[in-house]
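Input: a single structure, listed below in structure tokens.
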Amino acid sequence: MTTLPPVVLYAGHPDQRAEYAEHLSAAFAAEHLDVRLIMDPAEIAPPEVTHLVFAGHGPLTDLTPYTGLRAILNLWAGVETILPRPDLPKDVPLCRMVETGLTLGMVDYVTGHVLRYHLAIDRYIGSAPITEWERNFPPLAGDRTVGILGLGTLGQACAGALKGLGFRVSGWSRSQKSLPGLRCHHGPSGLDALLSEAEILVGLLPQTPETTGLLNAETLARLPQGACLINAGRGALIDDAALLKALDNAHLGHATLDVFDTEPLPTEHPFWVHPKVTVTPHIASVTRPKSASKAIAANIVRDLAGKALVGVVDRDRGY
Ligand code: NAP
């Protein structure tokens with residue numbers, strides 16, 4: 001009896017179909033994977049699909065007919081919009097995206113914006129640059145503490161890069177960690193310690209019930225006077241009104257926000273015009289089809305070899 005090869009269905013955005021067809025085919029060939037790759041859901045009977053390459057803005061609105069799935073490989077790192085879907089099969093592993101392109105893009109974004117604050121670059125090239133010979137020397141990176149909320153794939157990569165630039169780096173996670181060269185805090189009790197020392201605070205947390213509204217009037221007040229905030233995790237982390245108040249009363253120096261409660265950020269939202277807020281339109285990082293295809297192929301190889309998949313979402317924790 002011959003066994004049929006696994007069937008991989010690409011169900012990401014149709015606009016990226018051609019690009020993913022090229023990169024998934026190449027990645028599967030490089031891994032010597034004997035799979036059938038289907039690029040259009042209309043071309044396969046749902047029960048035949050074993051591995052679903054999935055995105056929330058893709059064409060599939062009902063996953064219940066996909067009864068033969070071994071894994072759902074999400075093209076995004078965040079899963080907060082997928083987890084509540086009633087059609088999400090309960091017994092099939094769901095993997096969030098872990099791939100080098102996504103990680104490296106975030107490292108670039110975070111280090112760039114940290115350096116902007118550290119060097120006070122806006123003082124010289126901002127909307128009102130200095131017009132007098134007033135010399136303010138920034139401290140050395142080693143005398144500046146950057147706090148990172150979230151020490152997962154992205155938080156650890158950013159922490160490593162900032163450490164490499166010489167910054168003192170503290171991180172906060174749910175579980176206890178010990179990472180070389182980082183001050184690691186964890187759990188609700190560790191949050192105070194991290195906030196009280198973070199002159200630049202970076203948000204790289206997933207959106208869960210526990211992280212929603214975590215940065216509010218009370219927690220923002222624990223940051224040092226003049227601290228700056230960079231949020232590239234999810235917008236729900238921040239109580240917008242509390243942040244605006246902390247910026248207006250000068251407790252916080254500036255905020256760079258890439259993610260928002262509602263996206264696109266509504267045109268009437270005060271963040272757009274606030275002099276102490278930089279808005280970036282969820283461009284901190286993105287899944288790169290070439291490197292993502294390699295990560296997907298490697299995960300399917302792992303699955304077929306009976307090994308643990310990378311990035312499996314713990315549905316109880318919500319990330
Ligand atoms: P990850 O590897 O799952 O890491 C999540 C981190 O958050 C972990 O360190 C986790 O702690 C920590 N955490 C979660 N809940 C917590 C809580 N209640 N208290 C303290 N720490 C908590 O995720 P990732 O790949 O680094 O991605 C992080 C998020 O970035 C994604 O969920 C996504 O929303 C966002 N993202 C944004 C962009 C963008 O372009 N703006 C791009 C990609 C991703 P443990 O280590 O103890 O589990």
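Counting starts at 1 for both ligands and their atoms, in listed order.
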Pick, from Q176, R96, E80, the option with the minimum heavy-atom distance to atom 23 (O) of ligand 1. R96
Counting heavy atoms only, name the option from K177, R317, R234 that's nearest to atom 46 (O) of ligand 1.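 Looking at heavy atoms only, K177 sits closest to atom 46 (O) of ligand 1.
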Lys/Arg N to Asp/Glu carboxylate O, R36 vs E48, below 4.0 Å: yes
Does ligand 1 have any atom that is closer than 4.0 Å to a heavy atom of [X]?
{"X": "Q207", "result": "no"}
{"X": "T208", "result": "no"}
{"X": "Q156", "result": "no"}

Write out the residue and atom name of the closest protein heavy atom to [atom], then the distance separating them to 0.1 Å.
{"atom": "atom 11 (O) of ligand 1", "result": "R174 N, 3.1 Å"}
{"atom": "atom 19 (N) of ligand 1", "result": "W172 CH2, 3.2 Å"}
{"atom": "atom 35 (C) of ligand 1", "result": "G233 O, 3.5 Å"}
{"atom": "atom 37 (C) of ligand 1", "result": "A232 O, 3.0 Å"}
{"atom": "atom 10 (C) of ligand 1", "result": "Y319 OH, 3.5 Å"}
{"atom": "atom 2 (O) of ligand 1", "result": "T153 N, 2.9 Å"}
{"atom": "atom 8 (C) of ligand 1", "result": "G152 N, 3.6 Å"}

For residues [X] and [Y], is any side-chain donor paired with an opposing acceptor at under 3.5 Å?
{"X": "H185", "Y": "E197", "result": "yes"}
{"X": "T64", "Y": "D87", "result": "no"}
{"X": "T145", "Y": "R183", "result": "no"}
{"X": "S291", "Y": "E99", "result": "yes"}

Ligand-residue contact atoms, ligand 1 with [X], heavy atoms, under 4.0 Å:
{"X": "L204", "answer": "28 (C)"}
{"X": "V259", "answer": "41 (N)"}
{"X": "A77", "answer": "43 (C), 44 (C)"}
{"X": "G150", "answer": "6 (C), 7 (O), 9 (O)"}
{"X": "E210", "answer": "18 (N)"}
{"X": "P206", "answer": "5 (C), 7 (O), 14 (C), 32 (O)"}

How does M106 reach ligand 1, by side chain, by backbone, by both or by neither, if only non-hydrogen atoms under 4.0 Å count? side chain
Which segment of D258 sits under 4.0 Å of ligand 1 when only heavy atoms are counted: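 Side chain only.
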Test of proximity, [X] against ligand 1: N or O pairs below 3.5 Å:
{"X": "S175", "answer": "yes"}
{"X": "L205", "answer": "no"}
{"X": "L154", "answer": "yes"}
{"X": "T211", "answer": "no"}

Interatomic distance, [X] atom [atom1] to [Y] atom [atom2] [nearest 0.5 angstrom]:
{"X": "L154", "Y": "S285", "atom1": "CG", "atom2": "OG", "answer": "7.0 Å"}
{"X": "M97", "Y": "L73", "atom1": "CE", "atom2": "CG", "answer": "7.5 Å"}
{"X": "R222", "Y": "S196", "atom1": "CZ", "atom2": "OG", "answer": "9.5 Å"}

Exceeds 12 heavy-atom contacts within 6.0 angstrom, atom CD of E134: no
Are more than 12 heavy atoms from other residues, nucleotides or ligands located less than 6.0 Å from atom NZ of K163?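 Yes - once you tally the heavy atoms of other residues, nucleotides and ligands closer than 6.0 Å, there are more than 12.
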Do H113 and Y117 have ring centres separated by under 6.0 Å?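 Ring-ring flag for H113/Y117: false, centres at least 6.0 Å apart.
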For a quick test of reading the model, state the closest non-hydrogen atom pair linking P138 to L119 and the distance between them.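 Shortest heavy-atom contact: CG-CD2, 4.0 Å.
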Do the ring planes of F167 and H118 sit parallel (below 30°), tilted (30 to 60°) or perpendicular (above 60°)? perpendicular
Min side-chain heavy-atom separation V202-C158 under 4.5 Å: no
